[in-house]
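Take a look at the structure set out below.
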There are 2 protein chains.
Amino acid sequence: MRIGELAGLTGLSRDTLRFYERTGLLVSRRLPNGYRDFPPEAVPWLRYVRTAQALGFSLAEIARTGAELSAAPDAAERLSELFREKIALIDARTAELAALRADLAGRVGTGCPLAPA
Amino acid sequence: MRIGELAGLTGLSRDTLRFYERTGLLVSRRLPNGYRDFPPEAVPWLRYVRTAQALGFSLAEIARTGAELSAAPDAAERLSELFREKIALIDARTAELAALRADLAGRVGTGCPLAPA
DNA sequence: CTTGACCCTGGACAGTACTCCACCCTCCAG
DNA sequence: CTGGAGGGTGGAGTACTGTCCAGGGTCAAG
């Protein structure tokens, strides 16, 4: 599909997609007229990219694991592994948030000294 | 205290502290010789800043609520309120992560099509 | 008085993630 | 054939969050 359609399907701008391609996050073939031609898998891939980004990964990291993935002979297995890693990360982050929450909750109502100088 | 001590106590660099001061995130008096003089409260305040940052607030937002706070007559009450807001935010974020986790967990082991083109 | 640790300022530079622009080409409908 | 939507490129610009540096002042110890 061409860039406009992909932009419509993902909610990303054309500029962002071109930017992602430049940084190696997205691959495309070219049509005879020079237009980019994205495969349909680009849609779930971009969903995955946004997920990973939400988890705090930089685009460079995401591109790296993506390249690793497509190079692996056992892509499905590697992907499952990656997902398991991400799940662990989510669990860690959730625990962090819980700790933060407890800390803050413990202070609500107390006249604690956190105001700037 | 002077900038070096604050840097030591918070783990931030002097440059970062000066940067925070420029952006209004941190306030200091000046000693007769021109050196910055930070109040001891700067330490918990910076801890709070890091917390808020971890929650996804930009430094500008943190500075804004900080200014608002120090202007408020009922600082302790406002702070508790802020904390309650942050707790709600944490809960929302935790729920998001849980959803993401469930999504990923459901896919582990399946040969799902998320590889880049 | 010199040395070294520490502080000051202003400004350049960096990495991340976009966003916008000028200028040009392609394609299809009317 | 023309107009307009949509595509391409290179490059500049932006916002955020720092980081580094040159050039220079301050201060206490030896």
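Chain identifiers are assigned alphabetically (A, B, ...) following the order of the sequence lines, protein sequences preceding nucleic acid strands; residue numbering begins at 1 within each chain. A quick note: this is a predicted structure, and the numbers were derived from the prediction, not measured.
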Rounded distance (Å) that lies between atom [atom2] of [N] and atom [atom1] of [X]:
X: A/Arg50; N: C/dC18; atom1: CZ; atom2: C1'; value: 10 Å
X: A/Leu25; N: C/dT16; atom1: CG; atom2: P; value: 13 Å
X: A/Phe57; N: C/dA17; atom1: CZ; atom2: P; value: 13 Å
X: B/Leu12; N: D/dC20; atom1: CG; atom2: C1'; value: 17 Å
X: A/Asp37; N: D/dG8; atom1: CG; atom2: P; value: 10 Å
X: A/Leu17; N: D/dG6; atom1: CG; atom2: P; value: 15 Å
X: B/Arg22; N: D/dC20; atom1: CZ; atom2: C1'; value: 12 Å
X: B/Glu5; N: D/dC27; atom1: CD; atom2: P; value: 17 Å

Locate the shortest heavy-atom distance separating [X] from [Y]; write the atom from each residue and the value.
X: A/Trp45; Y: A/Leu25; value: NE1-O, 2.6 Å
X: A/Ala7; Y: A/Ser13; value: CB-C, 4.4 Å
X: A/Arg36; Y: A/Leu31; value: O-CD1, 4.4 Å
X: B/Arg2; Y: B/Phe38; value: C-CD1, 4.2 Å

Using the side-chain heavy atoms of [X], tell me which of these nucleotides is nearest: [options].
X: B/Arg30; options: D/dT9, C/dT19, C/dC8; value: C/dC8
X: B/Asp15; options: D/dC20, C/dC21, C/dC18; value: D/dC20
X: B/Asn33; options: D/dC21, C/dT19, D/dT26; value: D/dT26
X: B/Gln53; options: D/dC20, D/dG18, C/dC18; value: D/dG18

Should the side chain of B/Tyr35 and the base of D/dG25 be counted as holding a donor-acceptor pair, with the cut-off at 3.5 Å?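 Flag set: donor-acceptor pair detected.
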
Between B/Ala60 and A/Ile3, name the one whose nearest nucleotide on DNA chain D is closer to the 5' end.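 Upstream on the strand: A/Ile3.
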
B/Arg2 or A/Thr16, whichever maps to the more 5' nucleotide of DNA chain C: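 Result of the comparison: B/Arg2.
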
Using a heavy-atom cut-off of under 4.0 Å over every strand shown, decide if [X] touches base, sugar-phosphate, or nothing.
X: A/Thr23; value: nothing
X: A/Glu21; value: nothing
X: B/Glu61; value: nothing

Would one find a side-chain N or O of [X] under 4.0 angstrom from OP1 or OP2 of [N]?
X: B/Arg36; N: C/dT9; answer: yes
X: A/Arg18; N: D/dG8; answer: yes
X: B/Ser13; N: D/dT19; answer: yes

How long is the gap from CG on A/Leu12 to CG on A/Leu46, to the nearest 0.5 Å?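 That separation rounds to 6.0 Å.
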
Test your reading of the model: is there a side-chain donor-acceptor pair from A/Asp37 to the backbone of A/Arg30, 3.5 Å cut-off?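 Looks like no, no N/O pair under 3.5 Å.
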
